Amino acid sequence: MWAKAVSVCLLAFACGLVHRLYPGITEDTLSYLSDSVKSLPCLKFSSSPSFEEGLSSAWDSLIVEPRKQWGKVAIGVNACVDVVLSGVSLLQALGLSPQSAGDHAVLNNLEELASTFMHYMQRGAAAERFYSDAVSFQHISSTASKNPAAQHFVGGNAALIAQRMAAHPGMEVLLCGPFGPKLHELLDERVLVPSASLQEQDEFHLILEYKAGENWGSSRAPTANRFIFSHDLSNGAMTSLEVLLASLEEFQPNLLVLSGLHMMEGLSRENREARLKEAASSISDIPSDIIIHLELASMTDGDLMRGIIYQVFPLISSVGLNEQELLFLSQSAAGPHSSLQAWSGIPDVGMVSDIIFWILQGYHQGASTLTRVHFHTLAYHILATIDGFWANQVSAVAAGARVAGAQACASKTIDPARVMLKSPLEFSSSRAEEGSTIKVTAKEPVATWKRGDITFYFTPVLICKQPVRTVGLGDAISAEGLLFSEALSM
């Protein structure tokens with residue numbers, strides 16, 4: 001681009017110089033010289049679109065509205081106010097210096113906060129933790145709010161999914177969660193909130209963001225991401241679940257989106273087991289004609305994950321999750337590739353496919369009612385469904401990937417100049433068995449393949465080079481995927 005601009009300037013200068021030195025030269029001769037120079041190979045530039053432009057354009061052609069839309073969607077139950085700021089700046093303001101990195105399932109003090117933040121920052125991975133000390137957390141949140149660069153947003157998976165869905169034409173969205181005055185002020189007015197969900201105090205979550213290449217001590221972030229923590233008792237106990245379920249009879253939704261089960265990690269083991277059992281019992285009473293989607297989030301407690309697998313999966317139709325949650329799910333239940341400690345770089349597509357296949361096999365074994373899995377990682381997305389239950393999934397997976405690139409850049413549409421590709425364009429569909437070789441091109445950005453009666457839909461993501469905000473991308477991806485999905489039983 002710059003070479004072309006410079007060449008054009010030099011051409012104009014040369015023509016002007018010739019005209020000055022030879023004032024008697026005719027216009028025809030000058031035009032001939034100009035055209036001759038323009039024809040030189042060095043000044044020829046391809047007009048073909050870039051891979052990013054071609055892929056984005058192909059997505060736009062592929063994405064079509066489902067034949068039947070949801071109409072009414074009920075969503076719950078985790079909602080909060082996100083306080084977003086630079087992680088490094090907050091830790092420095094708290095007087096913390098970089099020490100050794102280490103992962104702590106529950107944060108009990110400032111040192112464990114700093115250590116766990118460093119652990120995930122140097123991996124470029126997202127994570128969420130519960131902070132156990134109420135007094136210390138109040139000090140941290142007060143320090144964060146005083147930061148001039150701190151921003152307040154609607155937070156919580158349920159609230160973020162509700163915001164996204166309410167913006168879609170023809171959607172009526174009911175949201176239940178703990179709503180304090182600040183959150184109610186921030187929420188889109190198109191979202192319906194039952195009066196029983198209102199409370200006097202807000203729940204605050206601290207979102208510590210870091211940029212690609214940012215340093216803290218010896219740690220360097222390979223990609224932009226965020227670390228989330230809170231001392232959130234209302235969401236942890238899922239106090240709004242009963243309000244949500246009590247609202248279903250009057251609201252009559254076609255789709256119910258549940259999230260926030262991961263917040264129960266803040267409860268004691270005994271209280272967590274009892275609450276999960278109560279929640280599963282309540283969910284089992286939901287009318288069978290309501291499709292249920294569960295949105296998972298970062299977890300570290302294997303017992304809680306196993307509880308969700310064995311008590312909640314038999315009650316839902318769809319689940320959304322990222323690479324960490326997928327691997328942890330497999331590790332917790334001794335699934336495929338569960339010996340893998342962590343992903344190294346971009347998750348292997350064949351391994352991811354094996355785990356998703358294993359999850360959906362639970363339907364045939366009577367262990368679950370899951371017929372749809374929407375997986376997202378930074379570089380690519382996979383949507384997999386059991387045949388005969390869902391339609392329009394090519395549009396759904398493409399729509400989820402499209403919104404990931406646009407929202408990260410704080411743009412309504414994909415700007416090809418601001419995004420990049422990291423996804424593999426050729427890969428094996430399985431590592432557990434002899435898989436087929438799958439290829440993706442800009443003209444055909446959604447690849448599909450089958451394993452038995454399960455169909456997989458894969459598409460790359462156009463990653464924002466300089467992301468403005470990373471929080472809530474997973475929720476936007478799942479919401480968009482659901483908006484463009486059609487349940488055949490509806």
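The residues of the chain are indexed from 1 along the displayed sequence. Since we're looking at a predicted model, the values are computed, not measured.
Taking a cutoff of 4.0 Å between a charged side-chain nitrogen and a carboxylate oxygen, Glu273 and Lys277 do not qualify as a salt bridge. Under the 4.0 Å criterion applied to side-chain N and carboxylate O atoms, Arg226 and Glu209 are not assigned as salt-bridge partners. One finds a salt bridge joining Arg402 and Asp60 here, because a Lys/Arg side-chain nitrogen approaches an Asp/Glu carboxylate oxygen to under 4.0 Å. By the 4.0 Å N-to-carboxylate-O rule, Arg275 lies close enough to Glu242 to be salt-bridged with it.
A side-chain donor-acceptor contact under 3.5 Å links Asp188 to the backbone of Arg190. Checked by atom type and distance alone, the side chain of Ser247 pairs as donor or acceptor with a backbone atom of Val243 at under 3.5 Å. Panel note: side chain Gln393, backbone Ala391; a donor-acceptor pair is recorded below 3.5 Å. The backbone N or O of Ser281 sits less than 3.5 Å from a side-chain atom of Ser284, completing a donor-acceptor pair.
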Report the C-alpha separation of Glu295 and His293 in whole Å, then their side-chain angles, then the decisive distance to 0.1 Å, and conclude whether the side chain to side chain donor-acceptor pair (under 3.5 Å) test is met.
CA-CA 7 Å; Glu295 190 68 18; His293 171 86; 2.9 Å; yes

Could you walk me through whether Asn78 and Ser259 pass the side chain to side chain donor-acceptor pair (under 3.5 Å) test, one step at a time?
CA-CA 6 Å; Asn78 61 326; Ser259 64; 2.5 Å; yes

Would Arg272 and Asp303 count as a salt bridge (charged side-chain N to carboxylate O under 4.0 Å, His left out) here? Give the steps.
CA-CA 10 Å; Arg272 182 172 63 237; Asp303 289 335; 5.2 Å; no

Working note: Met121 + Asn225, criterion side chain to side chain contact (heavy atoms under 4.5 Å, CB included); need CA distance, chi angles, decisive distance, verdict.
CA-CA 8 Å; Met121 179 183 176; Asn225 222 315; over 6 Å; no

The test is side chain to side chain donor-acceptor pair (under 3.5 Å); show your working for Asn392 and Ser485 and say whether it passes.
CA-CA 6 Å; Asn392 210 44; Ser485 291; over 6 Å; no

Using the rule given for side chain to side chain donor-acceptor pair (under 3.5 Å), can you reason through Gln331 versus Ser338, listing the C-alpha separation, both sets of side-chain angles and the distance that settles it, and then say yes or no?
CA-CA 4 Å; Gln331 292 170 338; Ser338 55; over 6 Å; no

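Within the model, atoms CD1 of Ile454 and CZ of Arg372 stand 14.0 Å from one another, a figure rounded to the nearest 0.5 Å. If you take CG on Leu256 and CG on Leu174, they are separated by 9.5 Å, rounding to the nearest 0.5 Å.
Side-chain polar atoms of Asp103 and Thr116 form no donor-acceptor pair below 3.5 angstrom. Judged purely by distance below 3.5 Å, without hydrogens or angles, the side chains of Gln324 and Ser298 never pair a donor atom with an acceptor atom. Checking His337 against Asp354 by side-chain atom types alone, a donor-acceptor pair falls below 3.5 Å. Looking at Asn109 and Tyr131, their side chains never bring a donor and an acceptor atom within 3.5 Å of each other. Residues Glu323 and Thr377 have side chains that bring a donor and an acceptor to within less than 3.5 angstrom of each other. For Ser478 and Asp475, the side-chain atoms include no donor-acceptor pair closer than 3.5 Å. A side-chain N or O of Arg129 and one of Tyr120 form a donor-acceptor pair less than 3.5 Å apart.
Note on ring orientation: taking the six-membered ring where Trp is involved, the planes of Tyr380 and Phe375 are tilted (angle from 30° to 60°). Note on ring orientation: taking the six-membered ring where Trp is involved, the planes of Phe137 and His231 are tilted (angle from 30° to 60°).
None of Phe357, Trp358, Phe389 except one satisfies the ring pair (Phe, Tyr, Trp, His ring centres under 6.0 Å) rule with Tyr363; the exception is Phe389. A side chain to side chain contact (heavy atoms under 4.5 Å, CB included) with Gln407 holds for exactly one of Lys412, Glu480, Arg164; it is Arg164.
In this structure, Ala476 and Val403 approach most closely via the heavy-atom pair O-CG1, 3.8 Å. Pairing each heavy atom of Ile414 with each of Ala406, the nearest pair is CD1-N, 3.5 Å. Of all heavy-atom pairs spanning Ile75 and Leu244, the tightest one is O-CD1, 3.7 Å. Closest approach of Phe251 to Glu172, counting heavy atoms only: CZ-O, 3.5 Å.
In this structure, the side-chain contact (heavy atoms from CB on, under 4.5 Å) partners of Ser317, at least two apart in sequence or on a different chain, are Ile291, Thr371, Trp390.
Between Phe130 and Phe229, the distance separating the two ring centers is not shorter than 6.0 angstrom.
Around the NZ atom of Lys211, the shell of radius 6.0 Å holds no more than 12 heavy atoms that belong to other residues, nucleotides or ligands. A 6.0 Å sphere centred on CD of Gln466 holds no more than 12 heavy atoms belonging to other residues, nucleotides or ligands.
Inter-residue side-chain proximity for Leu383 and Thr385 is flagged as met; some heavy-atom pair is nearer than 4.5 Å.
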